[in-house]
**Student:** 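This is the structure, below, for whatever I ask next.
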Amino acid sequence: MRWIQKKNEPRELTEWRIRYAKDNNFGYDLMRQDKNVTKAVTDSLVEEQGWLCAYSGMRIEGYKEIENNGTKYDKCYCHIDHVKAQDYCNAEEEVTYTNMVASYPGPNAEHKTPFGGEQKGNWPDHDKGEQPLFVSPLDPSCQNRFLFNKRGEIKHKPGDNAAETTIDKLGLDHDKLEKLRKGAIQGTLGLNNDLPIKDARIRLRKLQSQNQVRLDPFCFVLVQVLEKHIETLEKIARKNAKYKPKNKTKPQKRSK
């Protein structure tokens, strides 16, 4: 999970809120009826997240124009998810930009995705006081709460009950998601994890310098495994240098 730094809401949402503030149906369902506002909000969320799903780190896209049998229409490849689930929101919170993130998959997916926003559903239950068990992508500490290995597996730090529960409730340890992370890792380190240390450092610097652009899928995972990979290679290099036999210099012959 990568920390999402929220920006200002799009102008279209601000104007919509002012226009419908006194409407009896004010809320998210009414907002969704305005395609221009929905598109503006979705595209804004996708951009501020670097085109990554807020929970899984997969690549997502906003609205794209599709043509089918001569008919053009817009199709969205992610959906708007409420960090505080709608079941526990008032009308104002439903359309509050800071409570929205973009998540995989697109709206009205044929099958439920067993991880991410769809799996999260209406969790955490505010009536049961489960909020402290949710590690939100809006929490600056979220990137350090989850640990990844070279097999794409996700773990949590010992004693971090919130991270453990979040992994379970969001399905972040699902087999399909682990395979996708593993593929991204192998694409970076190589099938045999043999990426040279110089190349690993260059790749790590590029990932760390990315800022609000189209980020690499699972970039936060790649940063972790690259750091561990470099650390391992450095230890091997130090060990080899320690036990490397020193060249004995032969005494020079004196000239007569």
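Keep in mind that what you see is a predicted model, and the values were worked out from it rather than measured. Just so you know, these numbers use all the heavy atoms, side chains as well, and skip hydrogens, waters and symmetry mates.
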**Student:** Picking from Arg59, Arg203, Lys206, what satisfies side chain to side chain donor-acceptor pair (under 3.5 Å) with Asp216?
**Tutor:** Arg203
**Student:** Testing the 3.5 Å rule here: is there a donor-acceptor pair between the side chains of His82 and Glu94?
**Tutor:**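 Side chains of His82 and Glu94: no pair found under 3.5 Å.
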**Student:** Going through the checks in order, is the side chain to side chain contact (heavy atoms under 4.5 Å, CB included) test met by Val83 and Met100?
**Tutor:** CA-CA 6 Å; Val83 179; Met100 300 178 186; over 6 Å; no
**Student:** Quick check: closest heavy atoms across Pro10 and Ala40, and the distance to 0.1 Å?
**Tutor:**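 Heavy-atom minimum between the residues: CG-O, 4.0 Å.
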**Student:** Is there a path of hydrophobic side-chain contacts, each under 4.5 Å between heavy atoms of I/L/V/M/F/W/Y residues, joining Val46 to Val37?
**Tutor:**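 No; tracing contacts between hydrophobic side chains, which count when under 4.5 Å, never links both residues.
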**Student:** Using 0.5 Å steps for rounding, measure from the NE2 atom of His174 to the CG atom of Leu180.
**Tutor:**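 That separation rounds to 10.5 Å.
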**Student:** Grouping I, L, V, M, F, W and Y whenever their side-chain heavy atoms are under 4.5 Å apart, do Leu170 and Ile167 come out in a common cluster?
**Tutor:** yes
**Student:** With hydrophobic residues grouped by side-chain heavy-atom distances under 4.5 Å, do Ile230 and Val225 end up in a single group?
**Tutor:** yes
**Student:** Which heavy-atom pair separates Pro217 from Ala184 by the least distance, and what is that distance?
**Tutor:**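 Distance-wise, the nearest heavy atoms are O-CB, 4.5 Å.
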**Student:** So which heavy atom on Ser44 is nearest to which on Tyr97, and how close?
**Tutor:** OG-OH, 2.7 Å
**Student:** Provide the closest heavy-atom pair for Thr42 versus Cys76 in the form atom of the first, atom of the second, distance.
**Tutor:**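 Looking at all heavy atoms of both residues, the closest pair is CG2-SG, 3.7 Å.
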**Student:** Is there a side-chain contact between Val135 and Phe146 (heavy atoms, below 4.5 Å)?
**Tutor:**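 Answer yes - side chains close enough.
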**Student:** Would you call Glu12 and Lys35 a salt bridge, using N to O less than 4.0 angstrom?
**Tutor:**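 Salt bridge: no.
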**Student:** Rounded to the nearest 0.5 Å, how far does CD of Glu15 lie from CD of Glu9?
**Tutor:** 10.0 Å
**Student:** Step by step, work out the side chain to side chain contact (heavy atoms under 4.5 Å, CB included) result for Leu30 and Gln33.
**Tutor:** CA-CA 5 Å; Leu30 182 63; Gln33 295 177 25; 4.0 Å; yes
**Student:** Judged by atom type as modelled, is there a donor-acceptor pair below 3.5 Å linking the side chain of Lys157 to the main-chain atoms of Asn144?
**Tutor:**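 Judged by distance alone, yes, a pair lies under 3.5 Å.
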**Student:** Please step through salt bridge (charged side-chain N to carboxylate O under 4.0 Å, His left out) for the pair Lys182 and Glu178, ending with a clear verdict.
**Tutor:** CA-CA 6 Å; Lys182 183 178 179 180; Glu178 285 187 355; over 6 Å; no
**Student:** Heavy-atom count around Lys228 NZ within 6.0 Å, excluding the residue itself: above 12?
**Tutor:**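 More than 12 within 6.0 Å, yes.
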**Student:** Under a 3.5 Å distance rule, please check whether Glu61 uses its side chain to pair with a backbone N or O of Tyr77 as donor and acceptor.
**Tutor:** no
**Student:** Step through the shown structure and confirm whether more than 12 heavy atoms of other residues, nucleotides or ligands are within 6.0 Å of CG on Asn24.
**Tutor:**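 No, because the 6.0 Å sphere around CG of Asn24 holds 12 heavy atoms or fewer from other groups.
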**Student:** Mind checking the CD1-CG spacing from Ile185 to Asn149? Nearest 0.5 Å is all I need.
**Tutor:**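 One finds 7.0 Å between CD1 of Ile185 and CG of Asn149.
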**Student:** Quick check against the 3.5 Å criterion: does Thr96 have a side-chain atom that pairs as donor or acceptor with the backbone of Thr98?
**Tutor:**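 Between the backbone of Thr98 and the side chain of Thr96 there is no qualifying donor-acceptor contact (under 3.5 Å).
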**Student:** Test your reading of the model: is there a side-chain donor-acceptor pair from Asn192 to the backbone of Asp194, 3.5 Å cut-off?
**Tutor:**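 Flag not set: sc Asn192 to bb Asp194 has no pair under 3.5 Å.
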**Student:** One pair to check against side chain to side chain contact (heavy atoms under 4.5 Å, CB included): Trp3 and Asp139. What are the steps and the verdict?
**Tutor:** CA-CA 6 Å; Trp3 176 37; Asp139 181 350; 5.9 Å; no
**Student:** Atom CG in Asp160, atom CG in Leu147: separation rounded to 0.5 Å?
**Tutor:**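 The CG atom of Leu147 is 9.0 Å from CG of Asp160, to the nearest 0.5 Å.
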**Student:** If every non-hydrogen atom of Gln49 is compared with every non-hydrogen atom of Cys53, which pair is closest and at what distance?
**Tutor:**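 What the structure gives for the nearest pair is NE2-C, 4.1 Å.
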**Student:** Between Lys39 and Asp43, is the closest basic N to carboxylate O distance under 4.0 Å?
**Tutor:**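 Salt bridge: yes.
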**Student:** Looking at side-chain heavy atoms only, is the closest gap between His126 and Lys84 below 4.5 Å?
**Tutor:**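 With C-beta onward as the side chain, the pair touches.
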**Student:** If the threshold is 4.0 Å, N to carboxylate O, is there a salt bridge linking Lys6 and Glu48?
**Tutor:**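 Judged by the 4.0 Å cut-off on N to carboxylate O distance, Lys6 and Glu48 do form a salt bridge.
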**Student:** Check Thr188 against Leu195 and note the closest heavy-atom contact, atom names and distance.
**Tutor:**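 Scanning both residues, the minimum pair turns out to be O-CD2, 3.5 Å.
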**Student:** Any heavy-atom pair between the side chains of Lys169 and Phe134 that's under 4.5 Å?
**Tutor:** no
**Student:** Between Arg32 and Ile80, is any pair of side-chain heavy atoms under 4.5 Å apart?
**Tutor:** yes
**Student:** For Asp81 and Tyr55, which I'm curious about, is there any donor-acceptor pair between the side chains at under 3.5 Å?
**Tutor:** yes
**Student:** Quick one, Leu215 and Val213 - any side-chain contact, counting heavy atoms below 4.5 Å?
**Tutor:**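 Side chain of Leu215 against side chain of Val213, heavy atoms only: contact under 4.5 Å found.
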**Student:** With a 4.5 Å limit on heavy-atom distance, are the side chains of Glu118 and Pro105 in contact?
**Tutor:**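 When only atoms from C-beta onward are counted, Pro105 and Glu118 do touch, with a gap below 4.5 Å.
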**Student:** For Phe115, does its backbone N or O pair with a side-chain atom of Thr113 as donor and acceptor, under 3.5 Å?
**Tutor:**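 No, Thr113 side chain to Phe115 backbone: no donor-acceptor pair under 3.5 Å.
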**Student:** How many angstroms lie between atom NE2 of His229 and atom CD of Glu234, to the nearest 0.5 angstrom?
**Tutor:** 10.5 Å
**Student:** Can Arg17 and Glu92 be said to form a salt bridge (charged side-chain N to carboxylate O under 4.0 Å, His left out), step by step?
**Tutor:** CA-CA 9 Å; Arg17 186 184 291 105; Glu92 182 64 34; 3.3 Å; yes
**Student:** Before giving the answer on side chain to side chain contact (heavy atoms under 4.5 Å, CB included), spell out for Met31 and Leu13 the whole-Å C-alpha distance, their side-chain angles and the decisive distance to 0.1 Å.
**Tutor:** CA-CA 8 Å; Met31 189 205 84; Leu13 178 59; 3.8 Å; yes
**Student:** Can Arg181 and Asp173 be counted as an ion pair, charged N to O under 4.0 angstrom?
**Tutor:** no
**Student:** So Leu189 and Leu226, do their side chains get closer than 4.5 Å, heavy atoms only?
**Tutor:** yes
**Student:** Apply ring-ring contact (aromatic ring centres under 6.0 Å, His included) to residues Phe26 and Trp16 and explain how you reach the verdict.
**Tutor:** CA-CA 10 Å; Phe26 182 82; Trp16 177 90; 5.3 Å; yes
**Student:** Is there side-chain contact between Arg145 and His156, with at least one heavy-atom pair below 4.5 Å?
**Tutor:**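 The answer is no; the side chains never approach within 4.5 Å.
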**Student:** Establish whether Met1 and Ile60 are linked, either directly or via other cluster members, by ILVMFWY side-chain heavy-atom contacts under 4.5 Å.
**Tutor:**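 Yes.
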**Student:** Look up atom CD1 in Ile66 and atom OG1 in Thr71, then write down how far apart they are to the nearest 0.5 Å.
**Tutor:** 12.5 Å
**Student:** Please step through salt bridge (charged side-chain N to carboxylate O under 4.0 Å, His left out) for the pair Lys128 and Glu130, ending with a clear verdict.
**Tutor:** CA-CA 6 Å; Lys128 295 180 180 179; Glu130 293 179 338; 5.2 Å; no
**Student:** Under 3.5 Å, side chain of Glu93 to main-chain N/O of Asn90, donor-acceptor pair present?
**Tutor:**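 Side chain of Glu93 to backbone of Asn90, a donor-acceptor pair under 3.5 Å: yes, one is there.
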**Student:** Are Val41 and Tyr28 joined in one hydrophobic group, where the rule is that I, L, V, M, F, W and Y side chains link up if heavy atoms are under 4.5 Å apart?
**Tutor:** yes
